Amino acid sequence: MTSPFYNKVYSALRKVPRGKLTTYRNLAHSIKSKAYRAVGTAMNKNPYSFADGGDVPCHRVVNSNGKVGKFASGTENKINLLKREGIPIKDGKIERFEEFLYKF
DNA sequence: CCCTTGACCAAAC
DNA sequence: GGTTTGGCCAAGG
């Protein structure tokens with residue numbers, strides 16, 4: 001199992017639909033926390049990876065400055081997943097990324 | 001309990 | 001524009 005904090009992060013992230021994005025900062029804020037850095041740690045553990053049949057879309061979480069950020073199974077892989085969902089990415093950055101942000 | 005480690009962030013340079 | 005710096009918070013050793 002995971003800690004209560006991680007579970008809150010995962011359940012919040014589950015609400016982000018295909019083709020939308022959230023940021024580590026927003027995600028933390030949505031669970032009334034400022035631990036955006038710890039959110040990143042939660043993603044890195046990632047017990048319910050999307051590729052592994054889980055329902056937690058970890059690849060839809062990007063940096064608040066519009067850059068894609070990192071990914072446990074490779075940044076390139078994350079970029080491909082996002083593009084596949086219709087999100088335009090140029091040189092590691094989301095284009096017009098505010099248009100794709102999910103509003104909690 | 002102290003110390004280290006990060007899929008981070010904002011400000012400063 | 002980029003890079004560095006200090007701060008942030010939860011987890012694990």
Side-chain angles (χ1 to χ4, degrees):
Chain A
M1 265 309 279
T2 60
S3 75
F5 175 77
Y6 286 174
N7 282 324
K8 283 199 287 186
V9 174
Y10 301 137
S11 63
L13 183 52
R14 252 182 284 245
K15 296 189 290 189
V16 179
R18 195 195 142 91
K20 289 281 187 173
L21 296 171
T22 190
T23 67
Y24 296 94
R25 191 160 174 275
N26 275 223
L27 191 51
H29 191 256
S30 78
I31 61 174
K32 299 166 192 57
S33 169
K34 286 160 197 152
Y36 30 76
R37 190 156 187 186
V39 169
T41 307
M43 294 303 101
N44 194 25
K45 308 285 180 154
N46 181 20
Y48 313 109
S49 86
F50 205 62
D52 282 338
D55 56 344
V56 180
C58 312
H59 61 284
R60 298 187 189 134
V61 188
V62 300
N63 292 9
S64 46
N65 60 7
K67 291 195 45 164
V68 175
K70 300 196 183 179
F71 199 58
S73 40
T75 303
E76 291 304 313
N77 191 35
K78 180 173 182 178
I79 291 174
N80 289 330
L81 285 167
L82 289 174
K83 282 187 172 179
R84 190 177 307 171
E85 299 190 347
I87 296 180
I89 299 174
K90 172 76 170 187
D91 198 36
K93 294 192 301 303
I94 313 293
E95 297 193 339
R96 314 185 310 285
F97 102 104
E98 297 172 7
E99 295 179 12
F100 301 99
L101 283 177
Y102 174 72
K103 315 273 193 296
F104 285 99

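Every value quoted in this text rests on a predicted model; they were computed, and no experiment measured them. Just so we're on the same page: letters track the sequence lines, and every chain starts at 1. Computation of the quantities below employed the complete heavy-atom set of this structure, encompassing side-chain atoms and omitting hydrogens, waters and symmetry-equivalent molecules.
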* **A:Y6 side chain reached by A:M43 side chain, heavy atoms, under 4.5 Å** => no
* Where does the angle between the aromatic ring planes of A:F104 and A:Y102 fall among parallel (under 30°), tilted (30 to 60°) and perpendicular (over 60°)? -> perpendicular
* Structure fact -> Heavy-atom closest pair (A:G86 atom, A:F100 atom, distance to 0.1 Å) is O-CE2, 4.3 Å
* Structure fact -> In numerical order, the residues of residues 37-46 of chain A whose heavy atoms come under 4.0 Å of DNA chain C are A:R37, A:A38, A:K45
* side chain to side chain contact (heavy atoms under 4.5 Å, CB included) assessment of A:L13 paired with A:V39 -> CA-CA 11 Å; A:L13 183 52; A:V39 169; over 6 Å; no
* Can you see which heavy atom on A:K103 is nearest to which on A:E98, and at what distance? => NZ-O, 4.3 Å
* Structure fact -> Minimal heavy-atom distance between A:E85 and A:G19, with the atoms involved, is OE1-N, 3.3 Å
* **Within residues 55-63 of chain A, residues whose heavy atoms come under 4.0 Å of DNA chain B** => A:C58, A:N63
* Is any side-chain heavy atom of A:K45 closer than 4.5 Å to a side-chain heavy atom of A:Y10? -> yes
* For the side chain of A:K78 and the backbone of A:K70, is there at least one donor-acceptor N/O pair under 3.5 Å apart? -> yes
* To do: With a 4.0 Å heavy-atom cut-off, tell me which residues in residues 80-104 of chain A come close to DNA chain B, sorted by residue number.
  => none
* Structure fact -> Heavy-atom closest pair (A:D55 atom, A:P57 atom, distance to 0.1 Å) is O-CD, 3.3 Å
* Asked: NA contact type, A:F71, heavy-atom cut-off 4.0 Å: base, sugar-phosphate, or nothing?
  -> base
* **Interface residues of residues 15-36 of chain A with DNA chain B (non-hydrogen, below 4.0 angstrom)** => A:Y24, A:R25, A:Y36
* Asked: Of all heavy-atom pairs between A:V61 and A:T23, which one has the smallest distance, and what is that distance?
  -> CG1-C, 3.9 Å
* Structure fact -> At a 4.0 Å cut-off to heavy atoms of chain A, the contacted part of DNA chain B spans B:dG6 to B:dA10
* Structure fact -> Separation between CG (A:L82) and CD1 (A:I89), nearest 0.5 Å, reads 4.5 Å
* Asked: So A:H59 and A:F71, would you call those rings parallel, tilted or perpendicular, with 30° and 60° as cut-offs?
  -> perpendicular
* To do: Examine distances only and state if a side-chain atom of A:N65 and a backbone atom of A:K67 form a donor-acceptor pair shorter than 3.5 Å.
  => yes
* Structure fact -> CG (A:N63) and CG (A:L21) are apart, to the nearest 0.5 Å, by 11.5 Å
* To do: Anything under 4.0 Å to a heavy atom of chain A counts; send over the first and last such nucleotide of DNA chain C, read 5' to 3'.
  => C:dG7 to C:dG12
* Would a 4.5 Å heavy-atom cut-off, applied to side chains only, mark A:I87 and A:F97 as touching? -> no
* **Distance-minimising heavy-atom pair for A:I31 and A:K8** => CG2-O, 3.7 Å
* Examine distances only and state if a side-chain atom of A:Y36 and a backbone atom of A:H29 form a donor-acceptor pair shorter than 3.5 Å. => no
